[in-house]
Novice: 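Pasting in a structure now, in structure tokens, and then I'll have a few things to ask.
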Amino acid sequence: MLPESPHVPSAFTGATPAFRRVGVTGGLGFVGRNLVRALHRQGASVTVFDLAAPGGADLPEGVRHVPVDLRDPATVTSALGDLDLLFHLGGNSSGTVAVTDPRLDFETNALGTFNVCEAARLTSLPRLVYLSSAMVYGTPQAVPQHEDHPTLPYYPYGASKLSGEHVVRAYARTYGLSAVMGRAFVIYGPGEDPRRAGAEVGQYLRWHLNDRPIRVTGDPDRKTRDFVHVHDIVTALLLLAARGDDGEVYNLGSGREVSLRQLVEHIGDVTGHRPRMLTDDTVTDDTYRLVADVSRLRGLGYRPAVDLPAGLAGLVDALGPTPELPQLDTIFHPTSGAPA
């Protein structure tokens with residue numbers, strides 16, 4: 001059974017919480033919507049900064065939406081206003097888009113994060129939380145990955161997110177910006193957009209529930225991942241805001257390693273229907289073990305609450321019997337077209 005709500009630190013609760021006026025860039029995205037709902041439940045005054053227009057059920061009543069293009073510094077600065085805290089989740093979140101349109105990726109992720117930090121400096125923002133990615137590690141050299149692991153991203157998305165980290169850290173040390181960073185591992189859960197989501201859990205379930213074979217890219221036994229439920233990511237982000245050290249980065253994961261074959265087996269157990277697997281093990285660009293060392297995050301009080309079987313069961317309920325099929329291919333080399 002999934003927990004009803006994330007663990008909320010005292011900085012967000014009580015008669016005089018430290019963070020009453022909270023902004024979220026990318027608040028209409030997968031993680032953003034879940035975070036916004038958690039903040040709203042705690043009574044925070046929440047403003048979503050997102051270039052997209054909200055749909056009818058995207059935002060809770062009373063949450064304000066401000067359209068902001070992160071590439072436009074004047075718009076970013078004028079939008080931030082009088083906030084106690086900003087969660088910076090906005091930008092490109094798709095590795096595939098980063099390969100097919102690297103300029104967009106760098107402009108929204110690297111330049112966009114610079115614009116956010118400069119706006120934070122100019123408006124004296126009290127606190128900033130930046131959501132980065134485990135893709136900054138590149139091909140892992142040690143398992144599990146600690147935050148001190150070398151950062152050698154091998155494709156544009158990881159490079160643009162790492163650029164954002166460098167900007168945040170530089171502003172923290174040069175200008176005294178109170179900022180903390182989190183590197184998310186493989187997030188899953190309800191609310192992913194199948195037109196943009198490329199992570200395995202959502203894609204695999206959507207294929208399987210539609211009685212399609214699960215398409216596995218890479219070696220299903222040697223390719224392992226740390227799958228972390230969006231509920232636990234929201235908890236981690238709230239903890240970073242309340243307790244994270246300025247200028248520091250924290251892994252955001254479950255700390256549990258699961259192979260792709262094990263993921264497929266879990267899906268079969270949860271659905272009661274044996275999956276069919278279509279494996280392309282000729283493409284091994286990302287066949288490696290990616291798993292978070294979350295000891296630093298545990299030091300802030302983090303305890304992942306959703307294990308993979310429970311998370312899968314909840315996602316099956318949320319998707320229904322015939323969910324929309326995934327539409328995003330994983331692309332490493334657009335000139336060769338593999339994998340597709």
Side-chain angles (χ1 to χ4, degrees), residues 2-13 17-19 22-27 29-42 44 46 85-91 93 127-137 144-149 161 164-165 168-169 178-192 199 201 225-258 290-308 310-311 314:
L2 299 181
E4 291 186 3
S5 61
H7 168 67
V8 180
S10 59
F12 293 90
T13 60
F19 305 125
V22 184
V24 182
T25 71
F30 169 40
V31 177
R33 290 197 307 275
N34 283 276
L35 175 61
V36 166
R37 292 188 189 106
L39 292 166
H40 181 261
R41 283 195 298 267
Q42 296 305 313
V46 184
L85 167 66
L86 177 67
F87 289 97
H88 177 37
L89 279 55
S93 61
R127 185 67 161 163
L128 172 69
V129 177
Y130 170 57
L131 182 61
S132 184
S133 167
M135 291 296 97
V136 303
Y137 292 123
Q145 288 78 58
H146 186 270
E147 289 87 352
D148 294 332
H149 184 285
K161 297 303 287 186
E165 285 189 21
V168 172
R169 187 175 291 107
S178 178
V180 62
M181 298 162 282
R183 290 174 181 156
F185 280 66
V186 186
I187 309 172
Y188 74 98
E192 280 187 295
V201 174
R225 292 294 182 264
D226 185 325
F227 299 111
V228 55
H229 196 273
V230 67
H231 175 285
D232 289 326
I233 287 291
V234 169
T235 294
L237 289 170
L238 296 174
L239 285 169
L240 289 190
R243 303 172 188 170
D245 292 331
D246 286 345
E248 292 298 327
V249 63
Y250 296 79
N251 283 334
L252 311 184
S254 70
R256 307 182 185 104
E257 183 176 17
V258 178
L290 185 71
V291 55
D293 179 335
V294 292
S295 55
R296 181 177 290 181
L297 187 61
R298 284 184 178 275
L300 303 183
Y302 173 75
R303 300 292 182 271
V306 183
D307 64 18
L308 186 57

Novice: Determine the sole option in Leu238, Val36, Val31 for which the side-chain contact (heavy atoms from CB on, under 4.5 Å) test with Phe87 is passed.
Specialist: Leu238
Novice: Side chains of Arg243 and Val180: closer than 4.5 Å at any heavy-atom pair?
Specialist: no
Novice: For Leu89, is there any backbone N or O sitting under 3.5 Å from a side-chain donor or acceptor partner on Thr25?
Specialist: yes
Novice: Run the side-chain contact (heavy atoms from CB on, under 4.5 Å) check on Ile187 and Glu192 step by step: do they pass?
Specialist: CA-CA 10 Å; Ile187 309 172; Glu192 280 187 295; over 6 Å; no
Novice: Looking only at atom types and distance, does a side-chain atom of Arg303 sit under 3.5 Å from a main-chain N or O of Arg298, one as donor and one as acceptor?
Specialist: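 Such a contact is found between Arg303 side chain and Arg298 backbone.
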Novice: Between Val186 and Val201, is there a side-chain heavy-atom distance shorter than 4.5 Å?
Specialist: no
Novice: Can you tell me how the ring of Tyr188 sits relative to the ring of His229, calling it parallel under 30°, perpendicular over 60° and tilted otherwise?
Specialist: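 Rings of Tyr188 and His229: perpendicular, over 60°.
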Novice: With rounding to the nearest 0.5 angstrom, report the CE to OH distance, Met181 to Tyr250.
Specialist: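 Reported value, rounded in 0.5 Å steps: 9.5 Å.
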Novice: Take Asn251 and Arg296 through the test side-chain contact (heavy atoms from CB on, under 4.5 Å) and record every step on the way to the result.
Specialist: CA-CA 8 Å; Asn251 283 334; Arg296 181 177 290 181; over 6 Å; no
Novice: Over all heavy atoms of both residues, which pair between Phe185 and Val291 is shortest? Give the atoms and the distance, please.
Specialist: CE2-C, 3.6 Å
Novice: Is Asp293 reaching over with its side chain to a backbone N or O of Pro144, donor-acceptor style, under 3.5 angstrom?
Specialist: no
Novice: Output yes when a side-chain donor or acceptor of Asp226 lies under 3.5 Å from a complementary backbone atom of Leu290, and no otherwise.
Specialist: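 Absent.
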Novice: Can you see which heavy atom on His231 is nearest to which on Ala305, and at what distance?
Specialist: CE1-CB, 4.3 Å
Novice: For a 4.5 angstrom cut-off between non-hydrogen side-chain atoms, does Asp246 reach Arg127?
Specialist: yes
Novice: Distance-only, no hydrogens or angles: does the Arg33 side chain make a donor-acceptor pair with backbone N or O of Gly191 under 3.5 Å?
Specialist: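 A pair under 3.5 Å: yes.
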Novice: Answer yes or no: is there a side-chain heavy-atom contact under 4.5 Å between Asp307 and Arg256?
Specialist: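 SC-SC contact between Asp307 and Arg256 confirmed.
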Novice: Please step through side-chain contact (heavy atoms from CB on, under 4.5 Å) for the pair Glu248 and Glu147, ending with a clear verdict.
Specialist: CA-CA 9 Å; Glu248 292 298 327; Glu147 289 87 352; over 6 Å; no
Novice: Side chain of Asp232, backbone of Val306: donor and acceptor closer than 3.5 Å?
Specialist: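 Such a contact is found between Asp232 side chain and Val306 backbone.
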Novice: If you compare all heavy atoms of Val234 against all heavy atoms of Ala38, which two are closest, and at what distance to 0.1 Å?
Specialist: CG1-CB, 3.8 Å
Novice: Is there a side-chain contact (heavy atoms from CB on, under 4.5 Å) between Leu240 and Leu252 once you walk through the steps?
Specialist: CA-CA 10 Å; Leu240 289 190; Leu252 311 184; 4.1 Å; yes
Novice: Roughly how far, to the nearest 0.5 Å, is the OG1 atom of Thr235 from the CG atom of Leu300?
Specialist: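 Here the rounded value is 12.5 Å.
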Novice: Which pair of non-hydrogen atoms, one from Gly253 and one from Ala292, has the smallest distance, and what is that distance?
Specialist: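 Smallest heavy-atom distance, with atoms named: CA-CB, 4.2 Å.
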Novice: Nearest heavy-atom pair of Ala236 and Leu297: which atoms, and what distance?
Specialist: CB-CD2, 3.9 Å
Novice: Might you point out which heavy atoms bring Glu165 and Tyr130 nearest each other, and give the distance in Å?
Specialist: N-CE2, 3.5 Å
